[in-house]
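Everything below concerns the one structure shown next.
Counting starts at 1 for both ligands and their atoms, following the listed order. Along the sequence shown, residues carry numbers from 1. Remember, predicted model here, so these are calculated numbers, not experimental data.
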Amino acid sequence: MQTRIEVGILGATGMVGQHFIKFLQGHPWFDLRWLGASDRSAGKKYKDAMVWHSAGMTPDSIADLTVEECKPGNAPRLLFSAMDASVATDIERAFAEAGHVVVSNSRNHRMEPDVPLLVPEINPDHLKVIPLQQRNRGWKGQIVTNPNCSTIGLTMGLGPLKQFGITKVLVTTMQAVSGAGYPGVASMDILGNVVPYIGGEEPKMEQETQKIMGEFKGDRFEPLPAKVSAHCNRVAVIDGHTETVSVELAGNPGEAAIREAFDSFSAVPQQRQLPSAPKHPVIYMHETNRPQPRKDAERERGMAAFIGRLRPCPVLGYKFVVLSHNTIRGAAGAAVLNAELMHSEGMLD
Ligand SMILES: NC(=O)c1ccc[n+]([C@@H]2O[C@H](COP(=O)([O-])OP(=O)(O)OC[C@H]3O[C@@H](n4cnc5c(N)ncnc54)[C@H](OP(=O)(O)O)[C@@H]3O)[C@@H](O)[C@H]2O)c1
């Protein structure tokens, strides 16, 4: 595990690209050496190719790197992708075909039948589809994806409950503005307001949840046979998606059993002590008014899901709140943890 691995970022100048740069600083396994973006940025020093939107300054080790075009050639084998969805399909495929391991944030390949949509705490075995993907496509490389920023919090909250047989899920989101990238929603539209529509988000959340929580059957993914209904809203919060969830469980567990499931939840990333794995992936908060995005989203490096207010739901059985950091656990941090899991499986050797 001590071998250092060179990595690059496709879409390094964008908002998620900047989160990758921050998240990879000081990483014990991965050395960020290569930055790719559009031909508008290629050839420029990184500091001249973008406007840094995150807190703090562009790290010194990155600021003077020259941005490259997103074409296979001199890039490292392992690439994190934060590319604009309008171009990600072909570019990610070209890199995978050329032998690269593409660990992507973009939505483009998530629902393809031979592409893992990975949450390391929930479905690490979905990586077993990779040989099939490589056979199907004649690739030496591969594409692995992480879910949409709203899906990840929901699946982290549902993961501990899967043992009870999930049959119905109703989720309402309050999603931060950073989820829309930069500049995102106009301030005149969001300040003092709630926008009850995020294009394409609800079907994404419903389908991705079923794929992630489903089973890999050796040659295909069998989705979780649960009905999932999502209401997605944009709210005037900078970082952190809050979601209220009602769930029906076939096993009809008591409240204490559900609390115990949340409190004791631990999975492969924790057992293997992967560098970006939170010690407790799910943290139940006792306070009646938590979790809250401003107070809790950044805790545990933004990698845990915070849960609270478990109580009976007169319609579906139980209800609770879940909060996760949308640009860390919902984007850059998720992809880095995916790559760490792949390394622990020997898939980057
Ligand atoms: N924002 C979030 O919270 C979030 C969460 C999860 C997933 N995502 C997904 O992550 C991806 C990036 O989101 P973002 O908010 O970071 O977007 P963004 O700020 O608009 O950045 C897009 C990146 O794509 C690059 N790009 C655009 N056209 C290109 C081309 N033809 N060839 C190569 N690179 C090109 C841009 O480079 P230039 O600067 O050179 O144009 C930039 O680096 C999207 O697919 C998004 O859906 C976002």
Is there a side-chain contact between [X] and [Y] (heavy atoms, below 4.5 Å)?
X	Y	result
Ser229	Val169	no
Asn105	Asn146	yes
Val7	Trp34	no
Leu274	Ser344	yes
Ile198	Gln175	yes
Val237	Val177	no
Lys279	Gln270	no
Val115	Val129	no

Can you sort out which atoms of ligand 1 are near [X], meaning under 4.0 Å from one of its heavy atoms?
X	result
Ala37	33 (C), 34 (N), 37 (O), 40 (O)
Gly330	5 (C), 6 (C)
Ala331	5 (C), 6 (C)
Ser106	45 (O)
Ala12	43 (O)
Thr13	36 (C), 37 (O), 38 (P), 39 (O), 40 (O), 42 (C), 43 (O)
Gly181	1 (N), 15 (O)

Would [X] count as a polar contact of ligand 1, with the cut-off being nitrogen or oxygen pairs under 3.5 Å?
X	value
Thr327	no
Gly17	no
Ile91	no
Cys70	no
Ser178	yes

Given [options], identify the one with the heavy atom nearest to [atom].
atom	options	answer
atom 7 (C) of ligand 1	Asp90, Asn105, Asn146	Asn105
atom 3 (O) of ligand 1	Ala332, Gly200, Gly179	Gly179
atom 40 (O) of ligand 1	Ser86, Ala49, Ser41	Ser41
atom 11 (C) of ligand 1	Glu69, Arg40, Met83, His325	Met83

Just by distance, no angles: are the side chains of [X] and [Y] close enough, under 3.5 Å, to form a donor-acceptor pair?
X	Y	value
Ser104	Glu92	yes
His343	Glu340	no
Asn326	Ser178	yes

Could you find the nearest protein heavy atom to [atom] and give me its residue, atom name and distance?
atom	answer
atom 19 (O) of ligand 1	Met15 N, 3.0 Å
atom 4 (C) of ligand 1	Val16 CG2, 3.6 Å
atom 23 (C) of ligand 1	Ala82 O, 3.7 Å
atom 25 (C) of ligand 1	Gly11 CA, 4.1 Å
atom 21 (O) of ligand 1	Gly14 CA, 3.2 Å

Handout entry: Ring centroid separation Phe320 to Phe262 under 6.0 Å
Key =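 Yes; Phe262 has its ring centre under 6.0 Å from that of Phe320.
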Practice task
Classify the angle between the aromatic ring planes of Tyr46 and Trp52 as parallel (below 30°), tilted (30 to 60°) or perpendicular (above 60°).
Solution key: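 Taking Trp52 first and then Tyr46, their aromatic rings stand perpendicular (interplane angle over 60°).
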Practice task
May I ask whether atom 17 (O) of ligand 1 is less than 4.0 Å from at least one protein heavy atom?
Solution key: no
Practice task
Look up atom 47 (O) of ligand 1 and tell me if a protein heavy atom lies less than 4.0 Å from it?
Solution key: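 When distances to the protein are checked, atom 47 (O) of ligand 1 has no heavy atom within 4.0 Å.
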Handout entry: Val87, portion touching ligand 1 at heavy-atom distance under 4.0 Å
Key =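 The side chain, only.
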Problem - Heavy atom of Arg107, distance to ligand 1 below 4.0 Å - result: no
Practice task
Would you check whether Met50 reaches within less than 4.0 Å of ligand 1, judged by its heavy atoms?
Solution key: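 Distance cut 4.0 Å: Met50 fails for ligand 1.
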Handout entry: side-chain contact (heavy atoms from CB on, under 4.5 Å), paired with Lys204, selected from Gln207, Glu206, Glu201
Key = Glu201
Exercise for the section: Is it possible for you to check whether Arg290 lies under 6.0 Å from the centre of the six-membered ring of Tyr284, through NZ or CZ, and within 45° of that ring's axis? Expected result: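 Because its charged atom misses either the 6.0 Å distance or the 45° angle limit, Arg290 does not stack over Tyr284.
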